[in-house]
Peer 1: 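For reference, the structure I am asking about is given below.
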Amino acid sequence: LRIMLAINKANDMWRVTIMIISFFIAGFIWLFYSPMKPKENLKKYSMIYLLCFVIFVVWNVQTHNEIMENIAQLKSTLLMK
């Protein structure tokens with residue numbers, strides 16, 4: 001049962017990741033390719049966007065690694081029984 005909870009958590013994280021990446025893509029299009037792009041402080045907005053994206057990627061990789069380690073531990077305990 002615990003391994004299914006970990007797998008479901010990984011699936012939920014995958015769905016959240018897809019949604020957040022969609023927002024980053026929309027933000028990138030708004031920031032650089034739309035007629036509404038900010039003409040003033042473009043560098044400032046670009047740095048904030050890049051910082052948020054890097055923070056998201058680091059958090060996402062760390063969370064996925066923790067979930068994968070948890071699934072591997074639970075799988076090994078099931079195989080030992």
Side-chain angles (χ1 to χ4, degrees):
L1 180 64
R2 289 186 299 177
I3 195 162
M4 286 305 296
L5 291 174
I7 291 171
N8 285 338
K9 184 177 179 183
N11 189 26
D12 292 342
M13 274 298 299
W14 179 247
R15 290 180 184 185
V16 167
T17 300
I18 290 172
M19 185 176 20
I20 292 175
I21 286 177
S22 299
F23 286 130
F24 274 112
I25 291 171
F28 182 79
I29 291 170
W30 174 79
L31 194 58
F32 293 108
Y33 294 115
S34 83
M36 298 181 344
K37 77 177 181 180
K39 292 176 178 59
E40 298 175 0
N41 301 323
L42 182 62
K43 288 183 182 180
K44 180 179 167 183
Y45 288 126
S46 299
M47 289 305 296
I48 291 171
Y49 175 84
L50 184 64
L51 180 66
C52 290
F53 186 71
V54 167
I55 289 171
F56 166 72
V57 168
V58 169
W59 168 77
N60 196 8
V61 168
Q62 182 180 4
T63 303
H64 280 312
N65 283 339
E66 290 174 4
I67 292 171
M68 287 174 27
E69 288 175 5
N70 188 13
I71 291 172
Q73 288 175 351
L74 291 171
K75 182 180 168 187
S76 65
T77 57
L78 283 176
L79 293 176
M80 290 184 156
K81 289 183 179 180

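None of the values given here were measured: they were computed from a predicted structure. Throughout, numbering of the chain's residues begins at 1 and tracks the sequence.
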Peer 1: Give the C-alpha distance, both sets of side-chain angles, the deciding distance and a yes or no for side-chain contact (heavy atoms from CB on, under 4.5 Å) between Leu42 and Leu31.
Peer 2: CA-CA 8 Å; Leu42 182 62; Leu31 194 58; 4.2 Å; yes
Peer 1: So Phe24 and Tyr49, would you call those rings parallel, tilted or perpendicular, with 30° and 60° as cut-offs?
Peer 2: perpendicular
Peer 1: With a 3.5 Å cut-off and sequence neighbours excluded, list the donor-acceptor pairs that the side chains of residues 9-16 form with protein atoms.
Peer 2:
none

Peer 1: To the nearest 0.5 Å, tell me how far Met47 CE sits from Leu50 CG.
Peer 2: 5.5 Å
Peer 1: With a 4.5 Å cut-off on side-chain heavy-atom distances among I, L, V, M, F, W and Y, is there a chain of contacts connecting Val57 to Trp59?
Peer 2: yes
Peer 1: Any idea which heavy atoms bring His64 and Thr17 closest together, and the distance?
Peer 2: NE2-OG1, 3.8 Å
Peer 1: Mind checking whether Ile21 and Val61 sit in one hydrophobic cluster, side chains of I, L, V, M, F, W, Y counted as touching below 4.5 Å?
Peer 2: yes
Peer 1: Honestly curious: do Phe53 and Phe32 fall in one hydrophobic cluster under the side-chain, below-4.5 Å linking rule?
Peer 2: yes
Peer 1: Same cluster or not: are Ile29 and Ile48 linked, directly or through other Ile, Leu, Val, Met, Phe, Trp or Tyr residues, by side-chain heavy atoms under 4.5 angstrom apart?
Peer 2: no
Peer 1: Between Ile71 and Ala6, which heavy-atom pair has the shortest distance, and what is it?
Peer 2: CG1-CB, 3.6 Å
Peer 1: Flag yes if Leu51 and Ile20 sit in one hydrophobic cluster, no otherwise; membership is Ile, Leu, Val, Met, Phe, Trp, Tyr, and two members link when side-chain heavy atoms are under 4.5 Å apart.
Peer 2: no
Peer 1: Would you compute the distance between atom CG of Asn65 and atom CG of Asn60 and round it to the nearest 0.5 angstrom?
Peer 2: 9.5 Å
Peer 1: Is there a donor-acceptor contact under 3.5 Å from the side chain of Ser76 to the main chain of Gln73?
Peer 2: yes
